[in-house]
2 protein chains.
Amino acid sequence: MTTRFPRIGDVALAAGVSTATVSRVLSAPDRVSANTRVLVLKAIEETGYRVNHAARNLRRRQAGGIVVLVPNLANPFFSQILSGITFAMATSGHNVLIADTRKGPNAEHRILDYLHNNRADGLIVLDANLPEDVLSAGDTPNYHPPIVFACEWLDADPRPTVTIDNEAGARLAIRHLADLGHVRIGHLMGPSDNILTITRARGARAALAELGLPIRDDWFLDGDFSLASGAAAARAWLALDDRPTAVFCASDAMACGFIGELHHKGVRVPDEVSVVGFDDIEIAAHFVPSLTTVAQPRVLIGETAARKLLALIAQGRERESATDASEVLPVQLVARESSAPPR
Amino acid sequence: MTTRFPRIGDVALAAGVSTATVSRVLSAPDRVSANTRVLVLKAIEETGYRVNHAARNLRRRQAGGIVVLVPNLANPFFSQILSGITFAMATSGHNVLIADTRKGPNAEHRILDYLHNNRADGLIVLDANLPEDVLSAGDTPNYHPPIVFACEWLDADPRPTVTIDNEAGARLAIRHLADLGHVRIGHLMGPSDNILTITRARGARAALAELGLPIRDDWFLDGDFSLASGAAAARAWLALDDRPTAVFCASDAMACGFIGELHHKGVRVPDEVSVVGFDDIEIAAHFVPSLTTVAQPRVLIGETAARKLLALIAQGRERESATDASEVLPVQLVARESSAPPR
DNA sequence: TGCAGCGATGTAATCGATTGCAAGTGATGC
DNA sequence: GCATCACTTGCAATCGATTACATCGCTGCA
């Protein structure tokens, strides 16, 4: 507390140059001669100088950070995506703020705060099911920083997205079960208004149709991606008169909840019913039984979204505008113990 | 892009007052008369004004955010702690930056960046196993923002901590197993240099001693809190000539990995061995079998740590200094299927 | 009447870095 | 020998909000 932080002026003094030169060494080193550059760097070292980001951001008219909107931080599926994002952002010097859109009081208010209060230079949205007005580009468009959607997206929205091929993923799952010999295949879905739910269910239906297998509405169970909803679906499955011999779940969490609850009720997987998940979260390989699932390149999704956002931010500064909107990354089926031929 | 953001001056103009008054309405409303206050608020509404945080932070000589250092974001154990932290911080207007200390390239460098580069007004550290120098208070103490340790801590460090009673938690687990009739009890530990590993192992040893049960070094298995290390420990357990009939694992993740691997090898839990975990992560209740474990009040831990940090930050500004350092929160045993009387 | 005291408001300096513009230097070309 | 150009560097305005200090008007009391 006794000594102040060194300012850029202190460095300039120590190096015998102007503050402008010090600043250039920091943000445009090639605009400074090699000699003075080492001089300044030595002075920075000696004084222990650190840039004051508030001052830099003020002058540069930027926020210095981006915000990631996550529907549920507790879901381990997202953490690897975040990993990819922070990795890509670290090199650009942007802070990464993570906001859980569902948890905590007045979550919606917090998000609007991020959106409008120029706290962020850009947004990565992993939750497309936000209240209408929150993401509507219509009102006061100049107040909105650039947005990239990842994983989820809004259907007729022109903004860039980074997604996986959900229909293809669902097809992989259904075909895998069919290949094992299943002909009675059900699907445990996510929340009905969710784009992932829609596309995965569409893929599942399409695959069933192609294979000439029955598509029965009572075999399409409702869930919300959570463990608890998987358990609830297990009870619904047990209550069916005429049960499918295999269930494709739209998330690994639901698959785990489903299997866990069945186990409680004395039903064995895959002996009595095969289960396939979606996401390949870390525990999938360690579950009992280990979970057959559709794997997503999560780190890559995060990295790609981050890079896209950085490009948009840079564009905004140069007042250009042209980004090829969407990127669709591949998925992969990982076969494990939870799926087997029907009895 | 055409129109600039309204500045505080625009609001002042619209309300017919000075910028000082507008600023006061925003940050000290009672220093302004009720009349002008409504006038100013209306003007803010009309102009759509938002404070520029960079300018505010610059003038107030603060960073406007705190950083949370997490050892592994992918571990769902941490997300609820983060939930508590963000909740408490939202009301204070601080941004919350989350940094994974283990993942990504040059993680250490990133942390030092946070620490020294006045990006943060304070730190919450959930990972006490950082490189020595990173957290050493010795060098250039005035460069360090206040730090609160949560969950983990450094042993002879005077800085405030928010923890649980790890020894008591371990005792609960051991006693539970003993109550079920187990006399041959092992312990799967975390990384050897970790304070949680040390205290939990100490509690386990103490409980075994009190109960007059054998304490055998070959029954203390090595792990690192991860799923994979739990699986490895299962193989180690299988390789023992003389096995314990129950294993207390220092984390739920390891317990799941342990059980999963045993299942692969055809060993049933709890029939052939009972397992108790630690943490009570969400999946514990849904695992097969559901996991007996020691539950921590995670949201409370996060909230408490956040409040403590805010107090420290406020203190720093007033140049006082007096915070009662530590807070120890209670734990609770949750009995489920993975523990049962020995055969 | 005069003055202390208080509440409300305005004036202007300040936080610390960035950057447009201009000036200085030396090299190159004709 | 002079104009031109590239390259470095410095000067000083600027980003937008906060706040110490000054001012003003009013009340209440001696």
Side-chain angles (χ1 to χ4, degrees), chain A residues 1 3-41 43-44 47-65 93 116-119 121 143 317-318, chain B residues 1 3-41 43-44 47-64 93 116-119 121 142-143 317-318:
Chain A
M1 279 304 171
T3 51
R4 265 275 164 292
F5 280 75
R7 298 193 299 270
I8 197 170
D10 302 327
V11 179
L13 208 66
V17 300
S18 73
T19 62
T21 301
V22 178
S23 176
R24 286 190 195 105
V25 169
L26 258 33
S27 40
D30 11 297
R31 300 188 57 73
V32 175
S33 78
N35 284 338
T36 47
R37 199 186 312 149
V38 297
L39 227 60
V40 169
L41 288 175
I44 289 178
T47 54
Y49 169 75
R50 312 283 162 176
V51 293
N52 180 319
H53 287 87
R56 166 178 287 180
N57 289 332
L58 171 59
R59 182 57 228 248
R60 288 192 178 159
R61 296 156 152 276
Q62 65 182 13
H116 294 306
N117 269 26
N118 49 32
R119 281 175 186 278
D121 298 315
Y143 278 37
R317 268 204 277 282
E318 296 163 17
Chain B
M1 281 305 168
T3 52
R4 264 273 164 293
F5 282 75
R7 298 192 300 270
I8 198 170
D10 301 327
V11 178
L13 208 65
V17 300
S18 74
T19 61
T21 302
V22 178
S23 176
R24 285 191 197 104
V25 169
L26 259 34
S27 39
D30 11 298
R31 301 187 57 74
V32 175
S33 78
N35 285 338
T36 47
R37 199 187 311 149
V38 298
L39 226 63
V40 169
L41 288 174
I44 288 177
T47 54
Y49 169 76
R50 312 282 164 178
V51 293
N52 180 319
H53 286 87
R56 166 178 286 182
N57 290 333
L58 172 58
R59 183 54 228 247
R60 288 193 178 159
R61 296 156 153 277
Q62 65 181 13
H116 294 305
N117 270 27
N118 47 33
R119 284 175 185 277
D121 298 315
N142 42 346
Y143 278 36
R317 265 203 280 283
E318 297 163 18

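Hydrogens, waters and symmetry mates play no part in the numbers below; they use all other heavy atoms, side chains included. Per chain, numbering begins at 1; letters A, B, ... match sequence-line order.
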Please check this pair: side chain of [X] against backbone of [Y], looking for a donor-acceptor N/O pair closer than 3.5 Å.
X: B:Asp121; Y: B:Gln62; result: no
X: A:Arg37; Y: A:Val32; result: yes
X: A:Asp10; Y: A:Arg7; result: yes
X: A:Thr47; Y: A:Ile44; result: yes

(message) Quick check: do B:Ile8 and B:Tyr49 have side-chain heavy atoms less than 4.5 Å from each other?
(response) yes

(message) With heavy-atom distances below 4.5 Å as the criterion, would you say the side chains of A:Arg56 and A:Ser23 are in contact?
(response)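 No, side chains not in contact.
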
[N] phosphate, OP1 or OP2: any side-chain N/O from [X] under 4.0 angstrom?
X: A:Thr21; N: D:dG10; answer: yes
X: A:Thr36; N: D:dT9; answer: yes
X: B:Arg59; N: C:dT14; answer: no
X: A:Tyr49; N: C:dA17; answer: yes
X: B:Arg61; N: C:dG16; answer: yes

(message) I want to confirm an ordering. Mapping A:Asn35 and B:Arg56 to their closest nucleotides on DNA chain D, which one lands closer to the 5' end?
(response) A:Asn35

(message) Pick the closest DNA chain D nucleotide for B:Gly9 and for A:Gly16 by heavy atoms, then say which residue is nearer the 5' end.
(response)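 So the residue in question is A:Gly16.
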
(request) Let me know, please, whether B:Val32 or B:Ala55 comes out on the 5' side of the other along DNA chain C by nearest nucleotide. (result)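 Final value for this comparison: B:Val32.
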
Nearest-angstrom distance from the residue atom [atom1] of [X] to [atom2] of [N]:
X: B:Asp30; N: C:dG7; atom1: CG; atom2: P; value: 12 Å
X: B:Leu26; N: D:dG16; atom1: CG; atom2: P; value: 16 Å
X: A:Ile44; N: C:dA17; atom1: CD1; atom2: P; value: 10 Å
X: B:Leu13; N: C:dT11; atom1: CG; atom2: P; value: 12 Å
X: B:Leu58; N: C:dT14; atom1: CG; atom2: C1'; value: 9 Å
X: A:Asn57; N: C:dA17; atom1: CG; atom2: P; value: 12 Å
X: B:Gln62; N: C:dT14; atom1: CD; atom2: P; value: 20 Å
X: B:Arg31; N: C:dC6; atom1: CZ; atom2: P; value: 13 Å

(request) Just call it for A:Val22: base, sugar-phosphate, or nothing, with non-hydrogen atoms closer than 4.0 Å on any strand. (result)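 No contact.
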
(message) Once you apply a heavy-atom cut-off of 4.0 Å, does A:Ser23 come out as touching a base, just sugar-phosphate, or nothing?
(response)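 Here A:Ser23 touches the bases of the nucleic acid.
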
(message) Using a distance-only criterion (donor-acceptor N/O pair, under 3.5 Å, no hydrogens), is the base of D:dG10 paired with the side chain of A:Arg24?
(response)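 Indeed there is one.
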
(message) Can you tell me which nucleotide in C:dG10, D:dT8, C:dT18 comes closest to the side chain of B:Val17?
(response)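 Ranking C:dG10, D:dT8, C:dT18 by closest atom to the B:Val17 side chain puts C:dG10 first.
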
(message) Let's see if you can work this out: which of D:dT8, C:dG10, D:dT18 has an atom nearest to the side-chain heavy atoms of A:Ser33?
(response)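 Nearest to the side-chain atoms of A:Ser33, counting from C-beta on, is D:dT8.
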
